[in-house]
Each structure stands twice: as C-alpha cells, then as structure tokens.
Amino acid sequence: MSALGRTAHPGAAIARIAMPLRESEAIVLQSYPLGEADRLVSFLSRSIGRVRGVASGARRTKSRFGSTLERLSHVRIWFFEKETRELVRISQTELIESFLDAFRDYASGVGLAIVSEVTEAVLPDREASDANFRLLLLTAQAVKRTGKWEVPLAYFALWTVKLGGWLPPLDACSRCGTVLTASEPAYFSRSSSALVCGKCRKPGLRRIPAPALVAARKMLAERLDRLSDADISNAAARELTEVALDVIERQIDRKLKSRALLEPTA
Ligand SMILES: [Zn+2]
C-alpha cells in the first residue's frame with residue numbers, strides 16, 4: 001500500500017490489526033447456500049459462543065471445506081472477525097467428528113434437527129457457554145452411538161431448559177406446595193411453565209405421568225451416557241420432550257420449525 005493510500009484511508013491499517021485469525025473448537029448448527037458458490041454457516045464455537053459466518057467457495061465441488069460444514073459437524077474452525085460486521089469470514093475447517101450417519105435415519109435426523117434448531121434459537125450471539133456446547137456434543141454422540149433419539153432428545157431439551165434458568169421446581173406443586181410424589185401424575189401449565197398437583201389442576205393443563213417426572217429427576221442427576229435403557233422408557237422421554245419444548249417455545253416466543261416433523265406418539 002502506498003503512503004498516499006494510507007493517508008486516504010487512515011482506518012485501513014487499524015482494521016487489519018483488529019481482525020486476527022481466531023481458532024476454536026465448534027459445532028455447526030445450520031448452513032445455507034449463499035450466492036452461487038458460498039455458504040452461510042451458523043456455528044457454536046467453544047471460545048466465543050454462537051457465531052455466523054461466510055465460507056467462500058464452500059458450494060464448489062472441490063471445496064476446501066469438504067463435508068465439514070454439514071449440520072452438527074464437530075470441527076476445528078479458523079475465522080476472521082470483522083469489528084463492523086456481524087458475519088465472520090471462515091478461513092479453514094478441520095473435521096473432528098461427523099454426525100452424517102446419524103442423520104441417515106429419518107427419526108434420528110428429526111431429533112437432531114430439533115437439537116440444532118433449539119441451540120440456534122436459545123443461545124445469544126457471541127456468548128460462550130461451555131455447558132451448552134458439551135450438552136450439544138453429548139446429545140449428538142449419544143444418538144450416533146445408540147441409534148436411538150428419544151432419550152437423548154429429552155435429555156437435551158430438559159437440560160436446555162435448566163441451563164436457561166426456566167426449569168420449574170419438579171418436586172412440589174407451584175400453587176399449594178404439596179410434594180409431587182413418584183407415584184402420581186403432575187399437571188403442566190404452558191402459560192406459566194409451572195407444575196401443579198392433582199388438586200390444583202385446571203382444565204387445559206397437560207398431564208405428566210409419574211414415570212416422566214421420575215425420568216426427569218434421573219436425567220438431572222446423571223450424565224446422558226451413564227443412563228441405561230432400563231432407566232427411562234421412550235414414552236416417558238417423549239412426554240418430557242414435549243413439555244420441555246413447550247417451555248422453550250414460550251421463551252423464544254415462536255414455534256420450532258423442526259418440531260412439526262416429530263411424529264405424534266401412538
Ligand atoms: Zn397443589
């Protein structure tokens with residue numbers, strides 16, 4: 001750059017200094033075609049949280065990004081931040097673990113699509129959250145390893161609610177304080193995200209069977225990969241998923257698109 005150029009654009013040199021190449025572990029949340037050759041990628045980086053960026057040339061057949069930008073790919077990513085722009089420029093990626101195989105099963109794919117949509121929706125821009133990062137990875141790995149999605153999705157949804165600070169007390173009625181026992185159902189109010197006992201129930205509340213409440217307590221006390229199949233039934237997991245997704249939709253104030261793909265329980 002000429003001396004004249006520097007004088008003409010005094011901010012140019014400063015901007016370059018403020019744009020270091022960053023490196024982070026990350027999980028791809030969504031990726032969309034952008035223009036003819038690029039992709040717009042939303043990812044959860046371990047170091048700075050949820051970020052959106054452009055991967056130039058990622059749609060070309062021989063792209064340097066290969067299949068690293070598929071949904072939920074666990075990657076190491078290098079990117080440039082631009083102070084004045086929301087989007088980062090993705091420079092390079094390296095695959096750590098792919099979850100493409102888990103998406104091949106339709107039902108598992110729906111479960112994982114919900115997981116990535118929820119993460120994208122609930123986490124604020126650029127706020128690192130190691131707990132959410134680990135939850136996302138643990139969930140994807142459980143679906144991949146077991147070929148089952150019901151318990152991992154319920155675990156993910158419940159813990160997302162807990163980490164968001166939106167979990168109502170599970171052990172006592174929110175109106176009268178009666179202890180909610182392991183043998184009786186509780187009732188969930190969508191409008192207030194609270195649990196009440198059988199005596200305080202009103203029409204229109206969702207009934208949560210006792211096994212689902214027991215399952216929730218187990219999930220909050222144990223790591224997903226340490227829960228055994230015998231611990232939690234698919235039916236209990238589905239109940240919990242529905243309730244937790246209701247809480248999440250209320251918080252984000254909109255419906256989750258991928259939730260509509262969940263087939264109703266028989
Ligand atoms: Zn009550």
Side-chain angles (χ1 to χ4, degrees), residues 110-111 114-115 117-124 129 131-132 134-136 138-139 142 148-266:
V110 170
I114 293 174
V115 162
E117 187 184 350
V118 166
T119 303
E120 166 110 39
V122 301
L123 294 187
S129 169
N132 286 96
R134 283 184 282 117
L135 176 63
L136 180 57
L138 195 66
T139 304
K148 294 178 183 162
W149 59 275
E150 289 90 346
V151 172
L153 178 59
Y155 186 94
F156 169 83
L158 184 68
W159 268 98
T160 300
V161 168
K162 164 109 173 147
L163 292 172
W166 314 314
L167 190 70
L170 300 181
D171 50 0
C173 169
S174 68
R175 292 201 63 197
C176 72
T178 299
V179 173
L180 299 172
T181 64
S183 55
E184 282 175 74
Y187 299 84
F188 171 72
S189 160
R190 245 186 113 122
S191 58
S192 61
S193 285
L195 284 183
V196 296
C197 71
K199 282 190 194 125
C200 298
R201 68 187 283 204
K202 281 188 271 176
L205 299 193
R206 184 187 185 97
R207 181 178 184 275
I208 308 181
L213 279 175
V214 173
R217 293 189 188 116
K218 279 184 188 160
M219 286 180 179
L220 293 170
E222 192 57 278
R223 263 177 63 135
L224 178 56
D225 48 2
R226 292 191 196 126
L227 289 169
S228 76
D229 275 1
D231 281 339
I232 292 159
S233 70
N234 283 348
R238 288 295 302 265
E239 287 288 346
L240 280 180
T241 297
E242 296 296 339
V243 172
L245 293 182
D246 278 352
V247 175
I248 289 165
E249 285 184 341
R250 181 165 176 262
Q251 290 297 330
I252 62 175
D253 204 20
R254 65 176 171 83
K255 299 271 178 209
L256 295 157
K257 275 185 252 161
S258 48
R259 186 180 183 180
L261 303 173
L262 259 187
E263 279 149 10
T265 38

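Numbering of ligands and ligand atoms starts at 1, following listing order.
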For this session: For the Zn ion (ligand 1), report each protein N, O or S atom nearer than 2.8 Å, sorted by chain and then by residue number.
Result: Cys173 SG, Cys176 SG, Cys197 SG, Cys200 SG
Problem set entry | Those residues that, when tested against Arg207, pass salt bridge (Lys or Arg N to Asp or Glu O under 4.0 Å) (two or more places apart) | none
Taking distance alone, no hydrogens or angles, what donor-acceptor pairs closer than 3.5 Å link side-chain atoms of residues 157-173 to residues at least two apart or in another chain?
residue: Trp159; atom: NE1; partner: Met219; partner atom: O; Å: 2.9
residue: Thr160; atom: OG1; partner: Phe156; partner atom: O; Å: 2.7
residue: Trp166; atom: NE1; partner: Gly164; partner atom: O; Å: 3.0
residue: Trp166; atom: NE1; partner: Gln251; partner atom: OE1; Å: 3.4

Problem set entry | Close side-chain approach of Glu150 to Thr241, heavy-atom, < 4.5 Å | no
Exercise. Is any NZ, NE, NH1 or NH2 atom of the basic residue among Arg259 and Glu242 found under 4.0 Å from an Asp or Glu carboxylate oxygen of the other?
Worked result: yes
Problem set entry | With Lys255 via salt bridge (Lys or Arg N to Asp or Glu O under 4.0 Å) - residues at least two apart | Glu249
Seminar exercise, completed: Between Leu153 and Gly111, the two heavy atoms sitting closest are CD1-O, 3.8 Å
